[in-house]
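What follows is a single structure, written as structure tokens, with notes after it.
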Amino acid sequence: MDDTVLLTGAGGYVGGAILDGLDDDYDWRLLYHNPPPKEPDHPYMVGEITEPPDAREACEGVGAVIHLAGDPRPDAPWDSVLENNIHGTKVMFDAAVEAGVERFVYASSNHAVGHFETERTPDLYQPEDEFRLDGTELPRPGNFYGVSKAAGETLGRYYHDEHDLSVCCIRIGNLTEGHPPIDYDRGQAMWLSYPDCAHLHACALEADYDYEVVYGISDNDRKYYSIERAKEVLGYDPQDNSAEWEGEEKVV
Ligand SMILES: NC(=O)C1=CN([C@@H]2O[C@H](COP(=O)(O)OP(=O)(O)OC[C@H]3O[C@@H](n4cnc5c(N)ncnc54)[C@H](O)[C@@H]3O)[C@@H](O)[C@H]2O)C=CC1
Ligand SMILES: O=C1O[C@H](COP(=O)(O)O)[C@@H](O)[C@H](O)[C@H]1O
């Protein structure tokens, strides 16, 4: 991808992981919600994804969008996910199409499929359990936040079919920096390391695809999300595995 890449939600955790790993690799334009505390190393603007003029300005002249901005709280109230996650994502898709953007990478979530876990907890978090979700299943959100993420995936399907935009929805698991979550089997099952997060988003910027839903986790022994589709279509090659850690120490 030689064109400018717009990164919304640039000031957040996922945005930080992506910029940590891919800082020099792309011609970035960063969208912040509030003025950043320190001057970014890349061109940036401050704006609202729910406001079409801001979204249009952010998308002008870019070749790809990585859309992270939104309310990330699993217990977020309906009003907030409706406005920030569903409406905000629709506004960003509209602006992307209007600007002639070629591809749109969308931050979906494990919470879009949270209720698949209900009858299988806690067995599915064990390394020997062979149950896998692979991205072809319909959403089963576990909360309104998950509903909003599933809605974003559906918006992506529509904008791909209607406007021929390449759309990759990444159902991100549990991003933590440095080491996997401690004493949290479920978090270790769906851990996404910072380096694997950056690499996966680079894959989504480079590969050829139409519309994809993939899982964004490291290659964890405890996984119950398949990463085969991400490997096959995007060339994802994760380097981390939460099983290689004991607490904060890497032991393998
Ligand atoms: N951190 C994680 O483990 C996971 C994150 N995700 C998704 O990844 C994305 C980023 O998550 P995080 O970085 O963890 O969250 P974060 O809260 O650290 O970052 C989100 C950013 O979006 C901005 N934002 C929120 N509403 C906005 C609006 N109306 N206009 C402009 N900017 C707005 C916020 O200011 C914030 O900087 C979210 O969409 C979240 O749902 C999905 C699964 C797991
Ligand atoms: O989608 C998200 O998921 C992660 C993991 O949450 P968990 O409840 O499944 O442990 C969460 O940390 C993040 O805030 C959220 O956006």
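For ligands, and for the atoms within them, numbers begin at 1 and follow the listed sequence.
Closest to atom 9 (C) of ligand 1 among all protein heavy atoms lies Leu68 O, 3.1 Å. Of all protein heavy atoms, the one lying nearest to atom 25 (C) of ligand 1 is Gly70 O, 3.2 Å. The protein non-hydrogen atom at the shortest distance from atom 1 (N) of ligand 1 is Val14 CG2, 3.8 Å.
In this structure, Gly173 is part of the shell of residues with a heavy atom less than 4.0 angstrom from ligand 1. Contact between Ser108 and ligand 1 is present, with at least one heavy atom of the residue lying under 4.0 Å from the ligand. Not a single heavy atom of Ala10 sits closer than 4.0 Å to an atom of ligand 1. Note on ligand 1: Lys149 sits in its first shell, one or more heavy atoms being nearer than 4.0 Å.
Of the candidates Tyr13, Tyr145, Tyr106, it is Tyr145 that places a heavy atom closest to atom 6 (N) of ligand 1. With atom 31 (C) of ligand 1 as the reference point, the heavy atom nearest to it among His33, His111, Arg73 is part of His33. With atom 15 (O) of ligand 1 as the reference point, the heavy atom nearest to it among Gly187, Gly12, Ala76, Pro72 is part of Pro72.
Atom 36 (C) of ligand 1 is never approached by the protein to below 4.0 angstrom, counting heavy atoms only.
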Present, as a list of atom pairs with distances to 0.1 Å, all nitrogen or oxygen contacts under 3.5 Å between ligand 2 and the protein.
residue	atom	partner	partner atom	Å
ligand 2	1 (O)	Ser109	OG	2.6
ligand 2	1 (O)	Tyr145	OH	2.7
ligand 2	3 (O)	Asn110	ND2	3.3
ligand 2	6 (O)	His111	NE2	3.4
ligand 2	8 (O)	His111	NE2	3.1
ligand 2	9 (O)	Asn110	OD1	3.3
ligand 2	9 (O)	His111	NE2	3.1
ligand 2	9 (O)	Arg186	NH1	2.7
ligand 2	9 (O)	Arg186	NH2	3.2
ligand 2	10 (O)	Tyr184	OH	2.8
ligand 2	10 (O)	Arg186	NH1	3.4
ligand 2	14 (O)	Pro72	O	3.2
ligand 2	16 (O)	Pro72	O	2.6
ligand 2	16 (O)	Tyr145	OH	2.9

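Between His199 and Tyr236, the ring planes lie parallel to each other; the angle is under 30°, not in the 30° to 60° tilted range.
Val214 is not listed as a side-chain neighbour of Tyr209, based on a closest heavy-atom distance of 4.5 Å or more.
Side-chain contact annotation: Glu177 with Tyr13, donor-acceptor N/O pair under 3.5 Å absent.
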